[in-house]
Q: 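Handing you a structure now.
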Amino acid sequence: MTQLQVFLSTESRQNADVLIVPVYEDVGTVTELKKFDTHVAHMLGRLTESRDFVGKKMERMVVPMDADESVYPRVMYVGLGKEKEISVKRLREVIGAAYVHAQNKKWQRIALYVPRGLHKKMKGGELLGSLLARSLVVSTYSYDEYKTDPEAVTVPVNALQVIIAGDTREKKSYEKGLAHGQLIGEAVNHARHLGNTPPTVMTPTYLAQSVKELAQHYPSLKTTILSRPAIEKLGMGGLLGVARGSCEEPKFIIVEYRGASKSVKPSVLVGKGITFDSGGLSLKPGEYMMDMKFDMLGAASVLGAMQGIASLKLKKNVIALIPSAENMPSGTAFRPDDILTAMNGKTIEIQNTDAEGRLILADALCYASRYEPVEVIDLATLTGACMVALGLERSGIFSPDDTLAERLIASASLSGEMLWRMPLGEEYSDAMKSEVADIKNLGGVGGVRYGGASTAAAFLQFFTDYPWAHIDLSSATHMSKSKQWIRHGANGFGVETLIEYFAKTT
Ligand code: BES
Ligand code: ZN
Ligand code: ZN
């Protein structure tokens with residue numbers, strides 16, 4: 001566990017392997033730095049004067065220091081860009097990249113100076129402390145489970161010392177922020193870890209087991225795992241239909257957290273838990289099947305959020321529902337032309353077995369009604385169409401409820417995640433009507449391929465009778481490639497948004 005500490009700039013110095021100094025491009029930092037460390041200030045002055053380093057976004061300069069000059073063996077100046085352009089997202093990227101750089105160099109004790117301008121922009125210590133800690137935990141995570149070469153395994157960062165030029169009261173708020181941020185970061189990494197686990201290991205049964213273990217760590221989480229007989233009894237025809245092609249048993253996972261009084265109606269989170277999506281009989285072509293272990297990232301993010309909610313002891317009632325199955329082709333697989341009956345009795349014509357996410361979500365959305373929820377938010381890697389529309393850094397949000405959508409979008413931007421509102425509407429709903437059943441699982445507006453993200457959302461809407469929002473996770477991975485501030489694989493998108501959402505709403 002990383003040690004997170006706050007020091008006033010006037011306090012005596014602790015040893016660290018590197019001092020990170022974030023610098024705006026257009027706001028001088030030298031004067032305030034002088035009060036903290038004349039050598040660090042002087043060096044920055046020289047660098048900006050010679051224009052070797054000016055603080056442009058993502059610019060980085062590492063300068064070694066002599067032992068008689070500074071307690072820090074080196075200083076890493078990092079560019080924040082222009083002050084008016086700073087955002088939570090930008091900050092996370094710049095600071096995260098600095099942490100990753102330090103970690104790659106095996107500098108395990110990091111000190112970070114917080115310029116006053118940054119402190120003010122980020123509205124004080126609680127939020128900024130939280131962001132700095134989240135960034136550390138999230139950016140230094142690496143999925144190394146299967147690496148046998150010790151050199152290829154990343155080293156942990158042991159300590160982060162945040163240095164502020166404020167007073168003791170401010171120090172307290174940073175300490176609180178850092179502690180919260182660390183818990184949030186760990187919740188994000190829990191989701192990433194589940195997502196990165198290879199699909200032969202990460203089966204619905206394994207996912208269910210991991211939830212049991214999570215609940216052992218957090219006694220405020222109560223889990224119920226429904227197996228086939230219970231799923232059959234409930235009539236979850238969507239989940240059972242999708243699971244038919246696989247040797248792996250389906251599971252329906254329920255996690256309950258009661259942080260408010262029993263009489264308060266809960267919010268329900270639903271996460272798509274397809275542990276591998278081959279497409280089923282409507283088999284995906286080879287290159288499209290790559291990364292389909294990530295088809296349970298909706299479930300992973302919901303579980304990460306539950307961990308965060310429990311560890312922060314939020315005063316909310318939140319329930320997570322995870323339908324989980326593997327989508328495989330076989331002699332017992334469900335087929336195009338089949339008609340499945342969802343838990344609420346609605347019949348669904350199957351036109352493509354690769355549109356399986358909506359089938360298992362339909363049953364979970366029906367099940368959610370039992371709780372008379374104040375709201376239901378589902379997260380799912382539902383369509384390639386949403387990725388085509390938005391790219392891989394933003395996810396789509398669909399909701400008939402403007403307030404719910406806007407609050408979620410605001411919660412996302414507070415954590416540096418990006419959501420973009422996408423449409424629902426009659427034309428999408430009409431496109432899902434079937435000739436032989438109530439609805440079908442494939443439809444487009446003006447052509448089968450058009451409006452695929454919205455028709456998928458409209459399909460889900462048929463199963464909702466409460467305030468509801470759907471997040472199509474087009475940005476939950478960056479296609480196995482590392483970024484400067486976050487390593488390859490699952491990125492835990494949605495976890496922070498959800499935690500922020502529940503921490504804020506009353
Ligand atoms: N899991 C996929 C969506 C997906 C594709 C997520 C690529 C991440 C990356 C989903 O089950 C799916 O296959 N959707 C189809 C729907 C189509 C058959 C209507 C798609 O998007 O192609
Ligand atoms: Zn699919
Ligand atoms: Zn899928």
Side-chain angles (χ1 to χ4, degrees), residues 195 199 202 204 207 238-239 241-246 250 270-301 322-329 333-338 340 348-362 364 378-396 398 422 428 431-432 434 439-445 447-460 470-481 489-491 493-494:
M202 180 51 71
L207 183 64
L239 179 57
V242 173
R244 260 175 40 199
S246 171
V270 175
K272 172 178 172 182
I274 293 290
T275 56
F276 188 72
D277 183 10
S278 69
L281 287 176
S282 312
L283 197 65
K284 286 181 186 290
E287 69 271 29
Y288 288 92
M289 215 185 284
M290 251 337 260
D291 284 341
M292 279 303 133
K293 67 171 181 180
F294 293 130
D295 215 18
M296 38 63 76
L297 285 180
S301 287
I322 291 161
S324 183
E326 190 186 37
N327 189 21
M328 295 292 266
F334 78 128
R335 303 159 174 82
D337 284 347
D338 268 338
L340 304 180
I348 306 162
E349 176 196 352
I350 303 304
Q351 291 197 338
N352 189 317
T353 63
D354 197 11
E356 84 298 336
R358 59 198 76 181
L359 303 171
I360 67 167
L361 290 171
D378 80 73
L379 278 75
T381 46
L382 202 63
T383 69
C386 196
M387 300 161 83
V388 172
L390 297 180
L392 302 190
E393 295 197 12
R394 222 180 251 272
S395 285
F398 304 74
M422 299 275 283
Y428 305 113
M432 302 313 280
S434 161
I439 51 175
K440 55 187 183 184
N441 79 334
L442 188 68
V445 174
V448 261
R449 302 173 53 84
Y450 298 139
S454 285
T455 52
F459 176 96
L460 300 180
H470 156 61
I471 295 177
D472 196 335
L473 292 171
S474 35
S475 57
T477 74
H478 22 262
M479 290 286 174
S480 313
K481 277 206 286 285
N491 58 31
F493 186 97

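Counting convention: from 1, in listed order, for ligands and their atoms alike. Worth saying up front: this structure is predicted, and the values here are computed from it rather than measured. Basis for what follows: all heavy atoms, side chains included, without hydrogens, waters or symmetry-related copies.
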Q: Side chain to side chain contact (heavy atoms under 4.5 Å, CB included) with A385: which residues, sequence neighbours excluded?
A: T383, A453

Q: Who passes salt bridge (charged side-chain N to carboxylate O under 4.0 Å, His left out) against K440, sequence neighbours left out?
A: none

Q: If you define the side chain from C-beta out and look only at heavy atoms, does anything of I322 sit under 4.5 Å from V270?
A: no

Q: Mind checking what residues have non-hydrogen atoms under 4.0 angstrom from ligand 1?
A: K272, D277, K284, M292, D295, N352, D354, E356, R358, T381, L382, T383, G384, M387, L442

Q: Is any side-chain heavy atom of L379 closer than 4.5 Å to a side-chain heavy atom of S301?
A: yes

Q: Any heavy-atom pair between the side chains of T381 and K272 that's under 4.5 Å?
A: yes

Q: Go through the structure and list residues passing salt bridge (charged side-chain N to carboxylate O under 4.0 Å, His left out) with R394, not counting sequence neighbours.
A: none

Q: Please note down the angle at the Zn ion (ligand 2) between OE1 of E356 and OD1 of D354, to the nearest 10°.
A: 120°

Q: Out of the N/O/S atoms in D295, what is the name of the one closest to the Zn ion (ligand 3)?
A: OD2

Q: Crowded around M290 CE? As in, over 12 foreign heavy atoms under 6.0 Å?
A: no

Q: From A355, does some N, O or S atom reach closer than 2.8 Å to the Zn ion (ligand 3)?
A: no

Q: At a threshold of 2.8 Å, where the distance has to be below it, does the Zn ion (ligand 3) have an N, O or S atom of D277 nearby?
A: yes

